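First up is the structure itself, then whatever we jot down about it.
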Amino acid sequence: MDFKKEFISELEKTIDGVISYDNLVKMIEKPKHDNLGDLAFPCFELAKHYRKSPIIIAEEIVQEMDVSTFERVESVGGYVNVFLNKEKVSQEVLTNILNEKNQYGYSGIAEGKTMTIDYSSPNIAKPFSMGHLRSTVIGNSLALIAEKQGYRVIRINHLGDWGTQFGKLIVAYQKWGNEKKVKESPISELLALYIKFHEEAEKDSTLNDQGREAFKRLENGEREAIQLWRWFRDESLKEFNKIYELLGIRFDSYHGEAFYNDKMDRVVDILAEKNLLIESEGATVVKLEGYPPCLIKKRDGTTLYATRDLAAAIYRQENYHFDQSLYVVGHEQSLHFKQLFAVLKKMDCDWQEGMAHIPFGMILKDGKKMSTRKGKIVLLEEVIQEAVQLAVKNIEGKNPNLLEKEEIAKQVGIGAIIFHDLKNYRLNDIEFSLEDMLTFEGETGPYVQYTHARATSLLRKGEFQPDSSTVVKLKDEEAWPVIKLLNQFPDSIAKALAEYDPSQIAKLLLELSKAFNKYYATVKILTDDQKQQRLTLVYTVKIVLKEGLRLLGMKAPTEM
RNA sequence: GUCCCAGUAGCUCAGCAGGAUAGAGCAACAGCCUUCUAAGCUGUGGGUCGGGAGUUCGAAUCUCUCCUGGGACGCCA
């Protein structure tokens, strides 16, 4: 519900069109402190126009305004502060949620539009690191949020399954590899080979050349190279799928870089046709204004990351006809995406307007980037194990009779990890800290889940039956902040999508949880006198918490 | 050297299409379970919003500049 509009239309009558409707919308704000009201209008702009003190203007507006639709209106220090009619607003907000249920917050603004989201995209033959977790979790949440606004979403896992690194790996395997060992624990053995390769290459620089040659054999489709590559890929994918299953994440496409191998000649042809290709130091590049040139082909004729991304972009447009195409990829690749979009623009692909890089900060270890090559890496699977174990321990201490302990511990432990990643602005770097990630108190995922479980428990004990004809007259002071936050949920979803920022939702859920827990602590809910009304509030809180958690990719256990 | 991020309480962060006394959580300390799940609630202490200049009636928020940290800068992805 947009109660701003009522305020504005009353306001407009008093200021003779000095400020346009659209500007008024922007100027209305939330007072910093609850005791100042629910909405505020600052009169400082008007002071210039009327050449009067804002304090006097505010007082005059209050005098002239029809305040009957509000609880009260007052002028304080140059502001017109409005206190909404709590009963009316409560009734509207709760009835609305009661009717819409988990559809609450849906807006059809993107109905009929298609969005592709490229996220997760781990590298084959390397462990799934904490860094990939960010892309996975942010991308997944953005996909859910986009769907909530009506988008048809195509989830793409652009696997890093091609490139010189596989040449290196093939060389390493042929020199030092052992089939049996790789079969036993593929990822860690392949990683060990990869690390060894880089160690040896420091002593013997010809190894890097050998790696490039091996990749060339791969690109040319040589049988032995292809067989090894396919084997590495299959084994890796098996491992990744375990993690996706734990996180409850799925994709519509697993087309990785290799998939575009036979689609790159066409890209190069188009570039040549448009006279965009230039020879430079033996390589083939596209010159760009304002950015360094984009490398299309190496001296030895093999392709690069950018070439494959061009092919992928064109493929996605031709197959999905996307209106928007997001790339949830680390901030360190910002330049690459600027170049990519610029090249597409030069190719007259006007649909590139809909493409966007959604960068995020890095997970640092001791203030530095983690490097796979040096084996400085934290494994996601181990972190998940620890989180789940800690959740089990908590359940045994706090709720030993709980059924399905294992399943709930999984939901809570993983919830803690996901929420920890999503609650802050995505561009912030995160210093890796197991301790922070495994905290279950305060502003955490389990705190929100716990609040949901509490709400559910009340509904169960009170044998609540939702009834949209309930007349909600909540006299409790503490209910009001809860209702205001429930009302903000649709806005926070819209903002999360507009800014590609799931933390907007996480923050709202925290605020709502805090307000509800305060309500819970001060108001006795299961009493005879306002039980149905109070439980209706509890029920709507439960709906919003559950739906909000879902949009973050988290489960909402009913008990914990 | 050039470009991109970021710098707010001891720690982690909110707030940033300018607005009222800069807010949370953690940690510390003090309280609250014979009553709806204490993974909770209440209270206390804690700040030159990196420094400086500018725009403005008004700047944590916008501009410039400097400092600090991180990242990226043609044959990796």
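Because only heavy atoms are used, hydrogens play no part in the values below, and waters and symmetry mates are left out as well, while side chains stay in. Since we're looking at a predicted model, the values are computed, not measured. Lettering of chains follows the sequences in order, A, B, ..., and the numbering in each one begins at 1.
In this structure the side chain of I8(A) reaches within 4.5 angstrom of the side chain of I28(A), judged on heavy atoms. Contact check for M27(A) versus L46(A): no side-chain heavy atoms found under the 4.5 Å cut-off. A heavy-atom distance below 4.5 Å is not found between the side chains of N81(A) and S75(A).
Taking the side chain of M362(A) as heavy atoms from C-beta on, and the options C36(B), C75(B), G71(B), the nearest nucleotide is G71(B). For V412(A), taking side-chain heavy atoms from C-beta onward, the closest of the listed nucleotides A39(B), C13(B), C36(B) is A39(B). Distance from the side chain of R308(A) is smallest to A77(B) among A77(B), A39(B), C41(B). Here G74(B) is the nucleotide among C41(B), G70(B), G74(B) with the atom lying nearest to any side-chain atom of S280(A). For R454(A), the listed nucleotide lying nearest its side chain is G40(B); candidates were A39(B), G40(B), C75(B). Among the nucleotides G40(B), G15(B), A39(B), the one closest to any side-chain atom of P446(A) is A39(B). Checking A20(B), A14(B), C75(B) against the side-chain heavy atoms of E281(A) singles out C75(B) as nearest. You'll find that the side chain of I395(A) is closest to A39(B), out of C36(B), C5(B), A39(B). Distances were taken from every side-chain heavy atom of L295(A) (C-beta onward) to each of G40(B), C75(B), U42(B); the shortest belongs to C75(B). Comparing atom distances between the L36(A) side chain and each of U21(B), C4(B), C76(B) picks out U21(B) as nearest.
In summary, D300(A) and R212(A) do not engage in a salt bridge, as defined by a charged side-chain N under 4.0 Å from a carboxylate O. Look at E74(A) and R72(A) and you find a salt bridge, because one of the NZ, NE, NH1 or NH2 atoms lies within 4.0 Å of a carboxylate O, short of that distance. Salt-bridge annotation for K30(A) and D38(A): absent, with no side-chain N of the basic residue lying under 4.0 Å from a carboxylate O of the acidic one. Between E404(A) and K410(A) there is no salt bridge, since none of the side-chain N atoms of the basic residue sits less than 4.0 Å from a carboxylate O of the acidic one.
The nucleotide U68(B) finds its pairing partner in A6(B), both defining distances of the Watson-Crick or G-U wobble pair being shorter than 3.5 Å. Using the Watson-Crick or G-U wobble rule with both distances under 3.5 Å, C62(B) pairs with G54(B). When both distances must be under 3.5 Å, the Watson-Crick or G-U wobble mate of C16(B) does not exist. Nucleotide G1(B): paired with C73(B) (Watson-Crick or G-U wobble, both distances less than 3.5 Å). Across all strands shown, A28(B) forms a Watson-Crick or G-U wobble pair with U44(B), both key distances being under 3.5 Å. Nucleotide U21(B) forms a pair with no other nucleotide shown, judged by Watson-Crick or G-U wobble geometry with both contacts under 3.5 Å.
S457(A) comes within 4.0 angstrom of a nucleotide base, judged by non-hydrogen atoms across all strands. Y425(A) comes within 4.0 angstrom of the backbone, heavy atoms only, and of no base. Contacts of P31(A) with the nucleic acid, taken as non-hydrogen atoms under 4.0 Å apart, include base atoms. Among the protein residues, A40(A) comes within range of the nucleic acid bases, having at least one heavy atom under 4.0 Å from a base atom. In this structure, K398(A) reaches the bases: a heavy-atom distance under 4.0 Å links it to at least one base atom across the strands shown. Counting any heavy atom pair closer than 4.0 Å across all strands shown, S121(A) reaches no nucleic acid atom. Note on Y447(A): only backbone sugar-phosphate atoms sit closer than 4.0 angstrom, heavy atoms only; bases stay farther off. Residue contacts shown for N428(A) are limited to sugar-phosphate atoms, with no base heavy atom under 4.0 Å away. Among the heavy atoms of the strands lying under 4.0 Å from I525(A) is at least one base atom, whether or not backbone atoms are also near. D436(A) comes within 4.0 angstrom of nothing in the nucleic acid, heavy atoms only. When heavy atoms are screened at a 4.0 angstrom cut-off, E257(A) is found touching the sugar-phosphate backbone but no base atom. Using a 4.0 Å heavy-atom cutoff across all strands shown, N81(A) reaches at least one base atom of the nucleic acid. Residue contacts for V523(A): at a heavy-atom cut-off of 4.0 Å it reaches a base atom on one of the strands shown. If you check every strand for non-hydrogen atoms under 4.0 Å, G163(A) touches sugar and phosphate atoms only.
Separation of the C1' atoms belonging to C29(B) and U68(B) is 34 Å when rounded to the nearest angstrom. G46(B) and C33(B) have their P atoms separated by 28 Å, given to the nearest Å. Separation of the P atoms belonging to G1(B) and C41(B) is 50 Å when rounded to the nearest angstrom. Going from the P atom of A53(B) to that of G15(B) covers 27 Å, rounded to whole Å. Nucleotides G71(B) and G31(B) have their P atoms positioned 47 Å apart, rounded to a whole Å. Rounded to a whole angstrom, the distance from the C1' atom of A6(B) to that of C49(B) is 14 Å. Atom name C1', nucleotides A9(B) and C4(B): the rounded distance is 29 Å, in whole Å. Comparing the C1' positions of A60(B) and C16(B) gives a spacing of 7 Å, expressed to the nearest Å.
Regarding I278(A), its CD1 atom lies at a distance of 13 Å from the C1' atom of G74(B), rounded to whole Å. Computed from coordinates, the D118(A) CG to A77(B) P distance equals 15 Å when rounded to whole Å. In this structure, Q532(A) places its CD atom 21 Å from P of C36(B), rounding to the nearest Å. In this structure, the CZ atom of R299(A) is 13 Å from the P atom of G74(B), given to the nearest Å. Distance, F440(A) CZ to U12(B) C1': 17 Å, rounded to whole Å.
H158(A) and R316(A) form a side-chain donor-acceptor contact under 3.5 Å, judged by distance and modelled atom types alone. D501(A) and Q504(A) share a side-chain donor-acceptor pair at under 3.5 Å.
In this entry the base of C33(B) is syn relative to its sugar, with a glycosidic angle within 90° of 0. In this entry the base of A20(B) is anti relative to its sugar, with a glycosidic angle more than 90° from 0.
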Could you pull out all donor-acceptor pairs under 3.5 Å where a side-chain atom in residues 507-521 of chain A meets a protein atom, sequence neighbours excluded?
from	atom 1	to	atom 2	distance (Å)
K507(A)	NZ	S503(A)	OG	3.0
S513(A)	OG	L509(A)	O	2.8
K514(A)	NZ	E443(A)	OE2	2.9
N517(A)	OD1	R454(A)	NH1	2.9
N517(A)	ND2	Y447(A)	OH	3.2
N517(A)	ND2	T451(A)	OG1	3.2
N517(A)	ND2	S513(A)	O	3.1
Y519(A)	OH	D476(A)	OD2	2.9

- request: Using a 4.0 Å cut-off on protein heavy atoms (strictly under), produce a 5'-to-3' string for nucleotides 23-28 of chain B with B for base contact, S for backbone-only sugar-phosphate contact, and - for none.
  value: SBSS--
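Partners of A47(A) by side chain to side chain contact (heavy atoms under 4.5 Å, CB included), not counting sequence neighbours, listed by chain and number: P54(A), I57(A).
D309(A) contributes no side-chain N or O that forms a donor-acceptor pair with the base of A77(B) under 3.5 Å.
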- request: For the pair K52(A) and E60(A), evaluate salt bridge (charged side-chain N to carboxylate O under 4.0 Å, His left out) and give the outcome as yes or no after the intermediate values.
  value: CA-CA 11 Å; K52(A) 266 195 277 190; E60(A) 286 172 356; 3.0 Å; yes
